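In what follows, a structure is listed as structure tokens, so that the remarks can point back to it.
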Amino acid sequence: MCRMPKDCFETFLLRHRFCLRDVITSRNGQFTSEDFSIVKYFSETEKLWWFTRFGSYIKLKCAFLLAEHMASNSTDQAEGFALVVSKLSDDEWKFALDYSSYHKVHVALNNLDTVYKAMVESATRLNAALAGMTSAKDFGGFKTEFYAHEQTIATSNLLNFSALYASYIDVCRRIRKYTKLNEVTSYDRSLVRIIGKNSGEHKFVKDLRNYILHNEIVEPECNIHYDFEQGRSSNLVLDSSQLLRRGSTWWKGPAREFIQRAERIDILATVNCVVKDVARLIELHHKLAKKRLRAEKSAYDKYVYERRRFRHLQNATIDIGAVFKRPTSLVSRLISDNVLELVMNSALSDDDVIVVITMIANRYENLGQEKLDLLRKEVTILLRQRPELPKASAYLDGRKL
């Protein structure tokens, strides 16, 4: 019933003369997001009467007040805002935060990062599947169950990668809508400049999902090539003629031109090309959202900061010493100061510093992917304060290399 259009749902409430007490059964002031989504359809008179009649619903009133404050990107009334924030539960706070104009952009950007990580994971598993197919061929040939098993893994990850790319396109479309970039010509020029000559690869990956779902499953094959100078090499390929014969959506356009380049499509080269472009495009969307919604983002950061400050004080009521403690970084908890100083002052490049510190922190292999990402982010911030070392040529026994 909550999914019905607003006008229809309001008409339904008025026609059947529903009251708030008919919809909300809770009597202890505890509400869920579903309660909030229903209450907002009632008239202001009904809501105000309910708030003043039942004192237990004062938190709900504060949630609506805070939602109205955030919807207008207001940053004044700091004391009043902090007071209202301290009265809300987690569900009530999430309800109010949803009305912040930058919240949808923030969620979309986080979704974009999540989709990108999943795309990288699928690309990594495709590489692993190629290694497994190559090994299975060495031990028993192409007709063994081991080869078929690794081929199934490659097929599923190829479909997963294509589906993730379609999700990436949808999220980018939402960000363009939120930041009003749909009719900005400079944005289109930026996309063309980043993708460059790889438009065929992107269009092929996007259409591959529909091809697999509506035509047939394509199973990548392991192609092994022997070269006298470079030795043996292997790659993961698809038959171009089969795709053109069965794919009616590829009669024209960049995807068809890409498929016609060669008899076989190198899947890993295509996937790696798309992943690199997507990483740059995601960075572009982060920068554009920050630039075009500077005021909205500033207000949103202040809202989140005030809630974080409240939670810190809330924890201090349990541990009184926590009020005097500053939150420590992950790097400081995992790496000793003297080791961190040695690595930061070394002649290693920034990328090598991140690798070394990550290896030291994860020497027991007990850190999850989320912790590793946070660690790399903190090290990247520290590297911005690193002094630049003079660049000199390399010499060995007085001879320049």
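Count residues from 1 along the sequence. Note that this is a predicted model, so its numbers are computed, not measured.
More than 12 heavy-atom neighbours from other residues, nucleotides or ligands sit within 6.0 angstrom of CD on Gln260. Other residues, nucleotides and ligands contribute at most 12 non-hydrogen atoms within 6.0 Å of the CD atom of Glu79. Within a 6.0 Å radius of CZ in Phe310, other residues, nucleotides and ligands contribute more than 12 heavy atoms. Heavy-atom contacts from other residues, nucleotides or ligands closer than 6.0 Å to CZ of Arg363 number more than 12. When the shell of 6.0 Å around CD of Glu68 is examined, it contains 12 or fewer heavy atoms from other residues, nucleotides or ligands.
Residues Asn366 and Asn362 are in side-chain contact: their nearest non-hydrogen atoms beyond the backbone lie under 4.5 Å apart. The shortest side-chain heavy-atom distance between Arg245 and Ser241 falls under the 4.5 Å cut-off. Between Asn223 and Asp266 there is no side-chain heavy-atom pair separated by less than 4.5 Å. Side-chain contact between Thr75 and Ser298: absent, with no pair of heavy atoms (C-beta onward) separated by less than 4.5 Å. Side-chain contact between Tyr147 and Cys222 is present, with at least one heavy-atom pair separated by less than 4.5 Å. Side-chain contact between Val237 and Pro220: absent, with no pair of heavy atoms (C-beta onward) separated by less than 4.5 Å. Inter-residue side-chain proximity for Ile217 and Thr155 is flagged as met; some heavy-atom pair is nearer than 4.5 Å. At a threshold of 4.5 Å between non-hydrogen side-chain atoms, the residues Glu370 and Leu374 do not count as touching.
Without hydrogens or angle criteria, Ser86 side chain to Leu83 main chain gives a donor-acceptor distance under 3.5 Å. The closest donor-acceptor contact from the side chain of Ser122 to the backbone of Ala118 lies under 3.5 Å. Here the side chain of Ser234 pairs no donor or acceptor atom with the backbone of Ile224 at under 3.5 angstrom. Under the 3.5 Å distance criterion, the side-chain polar atoms of Arg307 are left unmatched by any main-chain donor or acceptor of Val304. A distance-only check finds a donor-acceptor pair linking the side chain of Glu378 to the backbone of Val331 [under 3.5 Å]. Not a single donor-acceptor pair under 3.5 Å links the side chain of Ser101 to the backbone N or O of Ala71. Although no hydrogens or angles enter the test, the distance criterion places no donor-acceptor pair under 3.5 Å between the side chain of Ser100 and the main chain of Ala96. The backbone N or O of Ala166 lies less than 3.5 Å from no partner atom in the side chain of Arg209, so there is not a single donor-acceptor pair. When atom types are taken as modelled, the side chain of Asn160 and the backbone of Ser156 share no donor-acceptor pair closer than 3.5 angstrom. No donor-acceptor pair closer than 3.5 Å links the side chain of Arg376 to the backbone N or O of Thr358.
With values rounded to the nearest 0.5 angstrom, Leu334 atom CG is found 11.0 Å from Leu340 atom CG. With rounding to the nearest 0.5 Å, the separation of CD in Glu296 from OG1 in Thr179 is 10.5 Å. Atom OG of Ser240 sits about 11.0 Å away from atom CZ of Arg256, to the nearest 0.5 Å. From Tyr211, atom OH reaches atom CZ of Phe204 across 9.0 Å, with rounding to the nearest 0.5 Å. Distance CD1/Ile282 to CG/Asp277: 11.0 Å, rounded to 0.5 Å. To the nearest 0.5 angstrom, Thr270 atom OG1 is 9.5 Å from Leu158 atom CG.
For Tyr168 and His285, the gap between ring centers reaches or exceeds 6.0 Å.
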Chi angles and distances behind the side-chain contact (heavy atoms from CB on, under 4.5 Å) call for Ile265, Phe258: CA-CA 9 Å; Ile265 299 175; Phe258 167 73; 3.8 Å; yes
Apply the test side-chain contact (heavy atoms from CB on, under 4.5 Å) to residues Ile212 and Ser162: give CA-CA distance (whole Å), side-chain angles for both, the deciding distance (0.1 Å), then the verdict. CA-CA 10 Å; Ile212 294 176; Ser162 181; 5.8 Å; no
List the steps, then state whether side-chain contact (heavy atoms from CB on, under 4.5 Å) holds for Val275 with Phe161. CA-CA 10 Å; Val275 166; Phe161 184 86; 3.6 Å; yes
Between Lys297 and Asp301, does the salt bridge (Lys or Arg N to Asp or Glu O under 4.0 Å) criterion hold? Intermediate values first, please. CA-CA 6 Å; Lys297 185 179 185 302; Asp301 291 340; 3.0 Å; yes
Please assess Arg311 against Asp90 for the test salt bridge (Lys or Arg N to Asp or Glu O under 4.0 Å), listing each intermediate value before the final yes or no. CA-CA 10 Å; Arg311 295 305 295 267; Asp90 289 341; 3.0 Å; yes
Just do the side-chain contact (heavy atoms from CB on, under 4.5 Å) check on Leu268 and Asn235 with the steps written out, would you? CA-CA 7 Å; Leu268 291 180; Asn235 53 3; 5.9 Å; no
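Note on Glu121 versus Arg125: salt bridge recorded, some NZ/NE/NH1/NH2 to OD/OE distance being below 4.0 Å. The residues Glu201 and Arg261 are annotated as salt-bridged, a charged nitrogen and a carboxylate oxygen being separated by less than 4.0 angstrom. A salt bridge does not link Arg280 to Glu283: none of the charged side-chain nitrogens sits closer than 4.0 Å to a carboxylate oxygen. A salt bridge does not link Lys94 to Asp98: none of the charged side-chain nitrogens sits closer than 4.0 Å to a carboxylate oxygen.
Among Leu382, Val343, Thr380, the one residue that satisfies the side-chain contact (heavy atoms from CB on, under 4.5 Å) test with Val353 is Val343.
Scanning all heavy atoms of the two residues, the minimum distance from Arg292 to Lys180 falls at NH2-O, 3.2 Å. Scanning all heavy atoms of the two residues, the minimum distance from Met119 to Val278 falls at CE-CG2, 4.1 Å. Of all the heavy atoms in Ala82 and Arg309, the pair that sits closest is CB-NH2, 4.0 Å. The two residues Leu126 and Ala154 have their closest heavy-atom pair at CD2-O, 3.3 Å. Annotation for Ala299 and Asn73: closest pair CB-O, 3.9 Å, computed over non-hydrogen atoms. Residues Ser332 and Ser329 share a closest heavy-atom pair of OG-O, 2.7 Å.
Residues satisfying the side chain to side chain donor-acceptor pair (under 3.5 Å) test with Arg264, not counting sequence neighbours, are none. Remark: Phe81 engages His69, Tyr303 in a ring pair (Phe, Tyr, Trp, His ring centres under 6.0 Å) (not counting sequence neighbours).
There is a side-chain donor-acceptor pair under 3.5 Å between Ser336 and Asn338. Side chains of Asn198 and His202: a donor-acceptor N/O pair is absent below 3.5 angstrom, by distance only. Residues Ser349 and Asp352 have side chains that bring a donor and an acceptor to within less than 3.5 angstrom of each other.
Between Phe64 and Phe95, the ring planes are perpendicular. Angles over 60° get that label, and only those under 30° would be called parallel.
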